[in-house]
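Structure first, commentary second.
Treat the numbers as computed from the prediction; the structure is a model and nothing was measured.
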Amino acid sequence: MRLSRRPRTNPAGEMSILEHIGELRNRLAKSCAALVVTTLVAFFFLYEPVLDFVLRSYCDLPPSVRIGTSASDGGCRLAALSPLEPLSIRLRLSLTIGLLLAMPIVAYQLWRFITPGLKPNEKRFAIPFALVSTLLFVAGVAVAFLTLPKAIDFLVSMGGSGIAVFFQADRYLRFVLFMGLAFGLTFEFPLVLVFLSMVGVLSSGTMLRVWRPAVAVIIVAAAVITPSQDPISLFAMAVPMWIFYFAAAAIARYLIEPRRARRQQALTG
């Protein structure tokens, strides 16, 4: 079996299945190497400042739900319940920071693997794709952290005055990091729509025709994806996704589809 492809070293544009697997392995190896390097940098140099930033949502909670330690640190420390928990937290947080730092390289490698069948003038979008995907991921994480204090305050208040809230370090940071990753990955949604438009699978007419069901699906998806399940986080995720949906439809209609039409017109004479 032969698949159509046009890599630089193959003018005929054909690669075997084994060659495709080899290229995938090469792209994954480069992505993993970048992730290892960025994670090590985060582990040794960035952990403390990022941990302080992550704990801001906890420190903004009322003193009654924070662990009182001493006046010097404002009672913003979390409790670790086992000797291995601090190391586990450092590894998990460093890996998350490493993923964020490695996003441009990972996105670039992903684009180079999934778009070799595109025309040469379309391949030039590899670097913009990597940059935009990184910016969207960072924007998603930023929205998550801006939303967290209100979301956590809402969740804490739902138990009533008869419930004593106690935040364990591992579970709290796992919740916060998962929240950031959920928002960051969800904010890649418009890139998926734009890519589907580029390859001709999805048109702007289709997106605009089904916008009402799409809006409903987005809010249901946001309710499922948000780890906290609170209305503040739900709408903080759903509203940008609605905006992204119509932005992707506009990009398809005014940028992608006119170019495709001009290309087809040139081919037909």
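Linking ILVMFWY residues whenever their side-chain heavy atoms come closer than 4.5 Å, directly or via other members, places Leu185 and Met237 in the same cluster. A chain of hydrophobic side-chain contacts below 4.5 Å, direct or via other Ile, Leu, Val, Met, Phe, Trp or Tyr residues, connects Leu87 to Phe44. There is no path of hydrophobic side-chain contacts, each under 4.5 Å, that joins Phe178 to Val176. A continuous path of hydrophobic side-chain contacts links Val50 to Tyr58 [ILVMFWY only; heavy atoms under 4.5 Å]. If you chain together hydrophobic residues whose side chains sit under 4.5 Å apart, Leu99 and Val138 fall into the same group.
Among all heavy-atom pairs drawn from Ser88 and Asp170, the shortest one is OG-OD1, 4.1 Å. Minimum interatomic distance between Met207 and Tyr245 (heavy atoms only, all atoms of both residues): O-OH, 2.6 Å. Glu85 and Ala169 get closest at one heavy-atom pair: OE2-CB, 3.7 Å. For the residue pair Ser233 and Met179, the shortest heavy atom distance occurs at OG-CE, 2.8 Å. Here the closest non-hydrogen pair linking Val199 and Arg260 is N-NH2, 4.4 Å. When every heavy atom of Ala42 is checked against every heavy atom of Ser94, the shortest pair comes out as CB-O, 3.6 Å.
Aromatic pair Phe187/Phe137: ring centres not closer than 6.0 Å. Two rings, from Tyr108 and Phe129, have their centers 6.0 Å or more apart.
In this structure, CG in Leu95 is found 11.5 Å from CG in Leu100, a value given to the nearest 0.5 Å. Atom CD1 of Ile232 and atom OG1 of Thr226 lie 11.5 Å apart (nearest 0.5 Å). Remark: Leu93 CG to Thr39 OG1 distance equals 10.5 Å, nearest 0.5 Å. Note that CD1 of Ile225 is 12.5 Å distant from CG of Leu181, once rounded to the nearest 0.5 Å. In this structure, Leu136 CG and Leu131 CG are separated by 11.0 Å, a value rounded to the nearest 0.5 Å. Between the CD1 atom of Ile256 and the OG atom of Ser203 there is a distance of 11.0 Å, given to the nearest 0.5 Å.
For the pair Ser157 (side chain) and Phe154 (backbone), a donor-acceptor distance under 3.5 Å is present. In terms of modelled atom types and a separation under 3.5 Å, the side chain of Thr206 and the main chain of Leu202 share no donor-acceptor contact. When atom types are taken as modelled, the side chain of Glu257 and the backbone of Ser204 share a donor-acceptor pair closer than 3.5 angstrom. Under the 3.5 Å distance criterion, the side-chain polar atoms of Arg90 are left unmatched by any main-chain donor or acceptor of Tyr47. Looking at Arg259, its side chain never comes within 3.5 Å of a backbone N or O of Tyr254 through a donor-acceptor pair.
In Arg171, the CZ atom is not crowded: 12 or fewer heavy atoms of neighbouring residues, nucleotides or ligands sit closer than 6.0 Å. A 6.0 Å sphere centred on CZ of Phe43 holds more than 12 heavy atoms belonging to other residues, nucleotides or ligands.
Between Tyr172 and Phe167, the angle of the ring planes goes over 60°, which puts this pair in the perpendicular group of the 30/60° scheme.
A salt bridge is absent between Asp52 and Arg56: the closest approach of a Lys/Arg side-chain nitrogen to an acidic carboxylate oxygen does not fall below 4.0 angstrom.
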Would Phe145 and Phe183 count as a ring-ring contact (aromatic ring centres under 6.0 Å, His included) if you check the C-alpha gap in whole Å, the side-chain angles of each, and the deciding distance to 0.1 Å?
CA-CA 9 Å; Phe145 279 98; Phe183 270 78; 9.6 Å; no

